[in-house]
Amino acid sequence: MSLLQRWMRRWRRPPAIPDALWASVLAELPFVTAPGQPDPARLRGLCAHFLAEKEFHGAHGLAVTDAMALSIAVQACLPLPHMHLPDGRPPRQPCDLLDWYADFVGIVVQPGAVLARREVKDATGVVHQYTEALAGEAMDGGPLMLSWEDVATAGEGAAQGHNVVIHEFVHKMDMHDIALGEHPGGSPPLPRGFLGHASGADARAHWQRVIKAAFERFTEAVSLAERFGGEPPWLDEYAAHSPAEFFAVTCEAYFVNRERFGTEFPELLPLYDGLFRINA
Ligand SMILES: [Zn+2]
């Protein structure tokens, strides 16, 4: 984000979110106001800026109402209020935190899941084609896609630790600092002084050591359940796909069901608190 853009954001006063709309959207998302969640006033201020900066597009004739846009904004901004900036410094103004999502403007809202054609080349060089049903998709530097059907069930999904909006927006955070054509690796930029580390290299090494161990424990539990029919671990087994998906899926749970998350992933709780709650 250029200095001019940041300056304009600071001086622009986005339209205030009407009280009745704010209350009705929050009533559908009880996890947002659960104990320990970010300060609602800060969240509301960020949402007003978010709505002023982002453009919503309904696909296949879907009309994106104010309530739909605000619901997406609330969930997208939920990780932000107590963070540092992507460069590791504290924000000068709360709205600077939207720098995390500054690489795109468009949010495409589909009525339901989208079938995407995929191709993978296996180790022997054979190309496999398949279709995948997507509830959302985030691309580096590109627009973000969400399925409204999946966004609309966020309130019920919280018990299972599920949230598609948070999933896609933390992918965007993970995409900072990656080179063009590279894939994110479950290793977002960390705040200065992360968990008391004096150097950025030590902080990153700590992050990667803890998340790698948790990822391996999870993937082992998934394959044990598949092979021997045991109890599958809590959370979508899609998290076993890659460290980036593990980070996104576990962040969903961290924000919508902190209590169960802390029981299931005690090693990740201080790690995510160090990233998301440094200014709390
Ligand atoms: Zn994902």
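Throughout, residue positions are numbered sequentially from 1 according to the sequence presented.
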Student: Among Phe276, Tyr272, Phe31, which one satisfies ring-ring contact (aromatic ring centres under 6.0 Å, His included) with Phe255?
Tutor: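 Of the listed options, the one satisfying the test is Phe276.
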
Student: Enumerate the side-chain hydrogen bond (donor to acceptor under 3.5 Å, both in side chains) contacts for residues 27-36, please, sequence neighbours excluded, ordered by first and then second residue.
Tutor: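 Residue pairs with at least one partner in residues 27-36: there are none.
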
Student: Given the rule in the side chain to side chain donor-acceptor pair (under 3.5 Å) test, do Glu245 and His167 qualify, once you have shown the distances and angles that lead to the verdict?
Tutor: CA-CA 8 Å; Glu245 294 306 337; His167 183 105; 3.0 Å; yes

Student: Within a reach of under 6.0 Å around CD of Glu267, are more than 12 heavy atoms found that belong to other residues, nucleotides or ligands?
Tutor: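 Yes, CD of Glu267 has more than 12 neighbouring heavy atoms, counting only those of other groups under 6.0 Å.
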
Student: Answer whether the closest heavy-atom distance between the side chains of Arg44 and Asp19 falls below 4.5 Å.
Tutor: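 Yes - at least one pair of side-chain heavy atoms lies under 4.5 Å apart.
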
Student: Mind checking whether Leu134 and Ile72 sit in one hydrophobic cluster, side chains of I, L, V, M, F, W, Y counted as touching below 4.5 Å?
Tutor: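 Leu134 does not cluster with Ile72.
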
Student: Would you say the side chains of Ser71 and Gln75 form a donor-acceptor pair under 3.5 Å?
Tutor: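 Present: a donor and an acceptor within the cut-off.
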
Student: Heavy-atom distance under 4.5 Å between the side chains of Asp39 and Pro81, does that happen here?
Tutor: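 Not in contact.
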
Student: Checking His128 against Asp122 for the side chain to side chain donor-acceptor pair (under 3.5 Å) test, could you report, in this order, the C-alpha distance in whole Å, the side-chain angles of both residues, the deciding distance, and whether it holds?
Tutor: CA-CA 8 Å; His128 301 267; Asp122 70 19; 2.8 Å; yes

Student: Quick test of your reading: applying ring pair (Phe, Tyr, Trp, His ring centres under 6.0 Å), list the pairs with at least one residue in residues 81-101, sequence neighbours left out, ordered by first then second residue.
Tutor: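 Only Trp100-His176, Tyr101-Phe169 qualify under ring pair (Phe, Tyr, Trp, His ring centres under 6.0 Å).
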
Student: Hey, are the side chains of Tyr130 and Val120 touching, using non-hydrogen atoms and a 4.5 Å cut-off?
Tutor: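 The answer is yes; the side chains approach within 4.5 Å.
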
Student: Regarding Lys212 and the six-membered ring of Phe246, is the cationic atom NZ or CZ under 6.0 Å from the ring centre and inside 45° of its axis?
Tutor: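 Checked: cation-pi criterion not met.
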
Student: Any sub-3.5 Å donor-acceptor pair from Asp174's side-chain atoms to Gly186's backbone N or O?
Tutor: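 Looks like yes, one N/O pair under 3.5 Å.
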
Student: Tell me the side-chain hydrogen bond (donor to acceptor under 3.5 Å, both in side chains) pairs involving residues 179-189, sequence neighbours left out?
Tutor: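 Qualifying pairs, neighbours excluded: Ser187-Arg204, Ser187-Gln208.
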
